Number of protein chains: 4
Amino acid sequence: MTDRSVEREGNMQEKKITIIERATEIIAKKGYHAASIQEIAEASKLSKGAFYLYFKSKDELMAEILRYHFGLITEEIEKVDRQDINSREKAKLRLSTMMRELVKRGNFIVMQRHDIDSDIGKEMELFFLEEMEKGRRKTELDLLDVYGEVSKPYLKDLRILQEGILFQIIGDMLLHGLILDLDKTAAYILERMDDMVEGLLKRKAEPLVTDATPVSASIFEKEMKEREVKQVLERMQIVILTLDAEIQEVQELQGVVELIQEELQKKEPRKLLIQGLSANFKGIEEMDDLRRELARLLDIKVL
Amino acid sequence: MTDRSVEREGNMQEKKITIIERATEIIAKKGYHAASIQEIAEASKLSKGAFYLYFKSKDELMAEILRYHFGLITEEIEKVDRQDINSREKAKLRLSTMMRELVKRGNFIVMQRHDIDSDIGKEMELFFLEEMEKGRRKTELDLLDVYGEVSKPYLKDLRILQEGILFQIIGDMLLHGLILDLDKTAAYILERMDDMVEGLLKRKAEPLVTDATPVSASIFEKEMKEREVKQVLERMQIVILTLDAEIQEVQELQGVVELIQEELQKKEPRKLLIQGLSANFKGIEEMDDLRRELARLLDIKVL
Amino acid sequence: MTDRSVEREGNMQEKKITIIERATEIIAKKGYHAASIQEIAEASKLSKGAFYLYFKSKDELMAEILRYHFGLITEEIEKVDRQDINSREKAKLRLSTMMRELVKRGNFIVMQRHDIDSDIGKEMELFFLEEMEKGRRKTELDLLDVYGEVSKPYLKDLRILQEGILFQIIGDMLLHGLILDLDKTAAYILERMDDMVEGLLKRKAEPLVTDATPVSASIFEKEMKEREVKQVLERMQIVILTLDAEIQEVQELQGVVELIQEELQKKEPRKLLIQGLSANFKGIEEMDDLRRELARLLDIKVL
Amino acid sequence: MTDRSVEREGNMQEKKITIIERATEIIAKKGYHAASIQEIAEASKLSKGAFYLYFKSKDELMAEILRYHFGLITEEIEKVDRQDINSREKAKLRLSTMMRELVKRGNFIVMQRHDIDSDIGKEMELFFLEEMEKGRRKTELDLLDVYGEVSKPYLKDLRILQEGILFQIIGDMLLHGLILDLDKTAAYILERMDDMVEGLLKRKAEPLVTDATPVSASIFEKEMKEREVKQVLERMQIVILTLDAEIQEVQELQGVVELIQEELQKKEPRKLLIQGLSANFKGIEEMDDLRRELARLLDIKVL
DNA sequence: AATGAATGAGAGTTCATTCAT
DNA sequence: TATGAATGAACTCTCATTCAT
């Protein structure tokens, strides 16, 4: 890449970020649908046509908005994680950082309260769900770090309690303009967590949520399955690469996986189509297990 | 009202409720914009044209959906309040009722996560904000009831803590299909509140939020002003009725107030228009104060 | 269907025909792309929005335009065929009718000289090709009728000669406004055909085109294959109906056929997808032959 | 012109031809509209911007494409004409050359079946019509050369017959991939022409088309007028050059003519504008006749 | 009370063309 | 000579809303 093109690339990125930020504001204010490309472009001092030089569709913009903010927030949290301080200090810092970032990105948060889910397509929905899940898992580990082994049975409870309190405070800051000292607030939250941990242990309370807590089949399974399916398909891609086959066949098989992924993105994936597509793996021993696994997950036949 | 019209009225209401419920489902599934009147009408076994006999616009439907669900939930909570049991039991019952109602109205809750556009109009936004504020105030009183005078400095804190925990749990139930015994969960939440109250008192902790906590002017003032303006206009309507004037003039003046209200509903009310409209009250002594008050609030001249 | 709805149905059809006719004119004048829905709607005294009540897309309009004119022309020709006159008279009548219809539908003919092919989608392209082929076969039979068994080796030649002359004359009429007496012209064409038949026979000329004439693989096979594939799929649908299977399975299998058809409509059908889809027929003996046939035609594997 | 500029000129031409050829392919495949400048530029290994260095618009490209292929075909035919062989051999050679060239330029031919919008501008339409007319006249002369004076009354008929047969065969080759020996085919066509000439003479048949055949006024006159107007304007330019006037005035008058020509290119030339423009010639005696002639042809007033 | 045809504003998107570099 | 970012007009299509019946 020449200097010129690096520079251009840089400009490109800058402009994209401008658009993302303006769009975040507007979408926060009016919702995804009501925010027109026209308005977003104008706010970015661009013509409607130019918008499409940077994003190939409104949906892609939305996806990049999500990735952008998630990315920056994650980055800040990771900075905290890398600091060399004791776990309690770290927990406090994480809480205040989280608040600072989310309040700073208030528009982004409000935006999410609008209509992301329905329209953005399965891909982003999954990305979103995964980031949330990742966040939850990390929070539990962090809590374990602070409260030690004894807290283990209560980890899920504690996560719910902490997230609830944290998000409610952030919500109040954003919606009612409450102004709080973030460090004090972080300390306050941690103290309340202490209170509750102490209470739970003292009472030998029964945990509210454990791994054994039942979960409504319909929702849970759907979520799990989607995730598992995704993993199976990814494993398929890896296995295909390790096959002792001609390059052309490898490409074809990868194509099949991609077609399946594509179909699964759709609102109502057609089972028969996937059933058929996966038949393309027939005769490849290495794929047999994965194929059967996929069939089980999607409730399709192994042809 | 004749029997016929009562009956019709009844049918009317029934149909409206049918529409509201179908609409809630559809909007929950696809979001406000993606849910077309066509589809809502069809799901309610109605023609598109007939829909408009019941609701005068899509936004009005949305408003009525909000009112409908809020109303039913409030009703259930009031039933609890009327029960003759001790305040702790009542608090527990309120929590479980709240969870039951919100989970039952899952569609409604999910719906709100979609794009209830700001388009929905100032009126609804205000209704919404007021209901929330009312809810918060009531929660604080309930907490005072349970934890007594000593908890008074912490009432705002406790409300935030309880609401955070409550909504997080409801969210987990709705989004991830978590299944919990509501009575046990209510007791669990109350116990955690106990833990925190105990902790706060023991530590003589400084409250996080009090009446003195600063609030970002922009948001708070906007909200306050809107409420005040509304009140001024309502007082104007009352004053007009007490005027010793001809019926025609009274109607005209009422009309002016209504026009002002109408204009204020809009996204960007035109100051000059309101400035002019309010000049119609010139020469009516009884209105002078109100007129000046309105001018101050809206930052317009008194012509 | 009630009287009312019949009537409405009638209106519907009338309006559709109005649109088709206005659209034909406009497209003839400016080409498919340059003819905007706006303009077509206005010419039909309709709003842009109303257009979409009658046709669900511009492409569908185009398809219906083709069907409409082809249908009417075919009808006229069939009327001639049903007349009880000798074959020479019939041939003459057919020629004059053809000229009359094509000149009358000049706009339609000119329209076709614009951009039908590329955009209208494979379905219409196939419809078009088939109608043309049908026309050619019929013309050969008609010629056989007129010139008897001796003309058999020359039938393809004669068809080319006659169609060439016929279309050239029609073209001259349309493009240069040439005005001819259609009956005389038909007689003239027939006389020239007589001249050439006589010449061919007298010289014992070698036919120019026979069934044995080589055809560029790429084009011919493509055409043939498409037609054959279509037939195979249609036969599949019939076989499925005769299967001794549960209704649900039948519907599923029909769904598979439809998915294949859908994919084949696309500009670049993905072989792997079809290969997979057809694997859904595995285990159904009655389908085996058809499945293998399909695989052969599309050069895919039988999984 | 310096060497450098000659060289550049050469490069220029080379690039233009590259573009023309790539464009012909693409337009043949997708149609005029669907073929974007972007794609054409890329296929020619050029940036979108650079494309406009070679052609000042998409329409101009289209025009040059037409001229390019017409030119090459004409050139080939002229080579045949220059050969020293008898007229029958020459006729045969012309037919086979025509077929060879048109089939070779299949893309070009197919391209024309797409939407060469009327947008392409009057200029090209006229060029096109004139080339066709020139072709027709030449064909008639060639036929006279082969069949002698006796064929004179039938020349127009024979041209129509020959062109019809020729184009039909070419069409079949292009559309259905028919593969024919071009020399044999040329001989075959000529034999059929012989058959028909013999038939016509023997029967003393009345010619189908003669100079006296009526032509629909609307089309014919329009064509004629356009040609006449063009000639009048050209004569004006010449007259202006012969005027005994100052250079500045000459340039101005030429400018007026150019403006009129420009306006006439448009789809709907504004009469009033031309009427006004031509008033600029007032007071110049030498132009009076031409001016009145122009006014008559365009049905405007002589101011 | 009910219908559904009709409207028209406005959405996302594409693309020929221009222009600063 | 060459680039590609930028423009803006035009396109197809959707949908809340109205209105004659």
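Everything numeric here is computed off the predicted structure, so don't read it as measured data. Just so it is clear: chains get the letters A, B, ... in the order the sequence lines come, proteins before strands, and each one is counted from 1.
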To the closest 0.5 Å, what do you measure between [atom1] ([X]) and [atom2] ([Y])?
{"X": "Ile19(D)", "Y": "Tyr54(D)", "atom1": "CD1", "atom2": "OH", "result": "6.5 Å"}
{"X": "Leu61(D)", "Y": "Lys56(D)", "atom1": "CG", "atom2": "NZ", "result": "12.5 Å"}
{"X": "Ser44(A)", "Y": "Lys15(A)", "atom1": "OG", "atom2": "NZ", "result": "10.0 Å"}

Between Tyr52(D) and Lys45(C), name the one whose nearest nucleotide on DNA chain E is closer to the 5' end. Lys45(C)
For [X], which contact category applies under a 4.0 Å heavy-atom criterion: base, sugar-phosphate, or nothing?
{"X": "Ser36(A)", "result": "sugar-phosphate"}
{"X": "Leu53(A)", "result": "base"}
{"X": "Ala35(D)", "result": "sugar-phosphate"}
{"X": "Lys48(D)", "result": "base"}

Min side-chain heavy-atom separation Tyr32(D)-Lys58(D) under 4.5 Å: yes
Do Glu64(C) and Arg67(C) meet the salt-bridge criterion of a basic N to acidic O distance under 4.0 Å? no
Starting from [atom2] on [N], measure out to [atom1] on [X] and report it in whole angstrom.
{"X": "His33(A)", "N": "dA16(F)", "atom1": "NE2", "atom2": "C1'", "answer": "14 Å"}
{"X": "Glu60(C)", "N": "dC13(F)", "atom1": "CD", "atom2": "C1'", "answer": "14 Å"}
{"X": "Lys56(D)", "N": "dC19(E)", "atom1": "NZ", "atom2": "P", "answer": "16 Å"}
{"X": "Ile26(D)", "N": "dA16(E)", "atom1": "CD1", "atom2": "P", "answer": "12 Å"}
{"X": "Tyr32(B)", "N": "dA16(F)", "atom1": "OH", "atom2": "P", "answer": "8 Å"}
{"X": "Ile40(D)", "N": "dT17(E)", "atom1": "CD1", "atom2": "P", "answer": "11 Å"}
{"X": "Gln38(C)", "N": "dT7(E)", "atom1": "CD", "atom2": "C1'", "answer": "12 Å"}
{"X": "Leu46(C)", "N": "dC13(F)", "atom1": "CG", "atom2": "C1'", "answer": "15 Å"}

Taking a pair to mean Watson-Crick or G-U wobble geometry with both distances below 3.5 Å, dT3(F) pairs with dA20(E)
Is there a Watson-Crick or G-U wobble partner for dA1(E) with both distances under 3.5 Å, and which nucleotide is it? none
Taking for Ser57(C) and for Gly49(B) the nucleotide of DNA chain F with the nearest heavy atom, the one nearer the 5' end belongs to Ser57(C)
Closest to the 5' end of DNA chain F, once Ser47(D) and Ser47(A) are matched to their nearest nucleotides, is Ser47(D)
From the set [options], return the single nucleotide nearest to any side-chain atom of [X].
{"X": "Tyr54(A)", "options": "dA5(F), dT17(F), dA16(E)", "value": "dA5(F)"}
{"X": "Ala50(D)", "options": "dA2(F), dA6(F), dT14(F)", "value": "dA2(F)"}
{"X": "Lys15(A)", "options": "dT13(E), dA5(F), dG8(F)", "value": "dA5(F)"}
{"X": "Lys58(D)", "options": "dT3(F), dT17(E), dA11(E)", "value": "dT17(E)"}

For the residue pair Lys16(B) and Tyr68(B), would you count it as a cation-pi contact if the rule is NZ or CZ under 6.0 angstrom from the ring centre and within 45 degrees of the ring axis? no
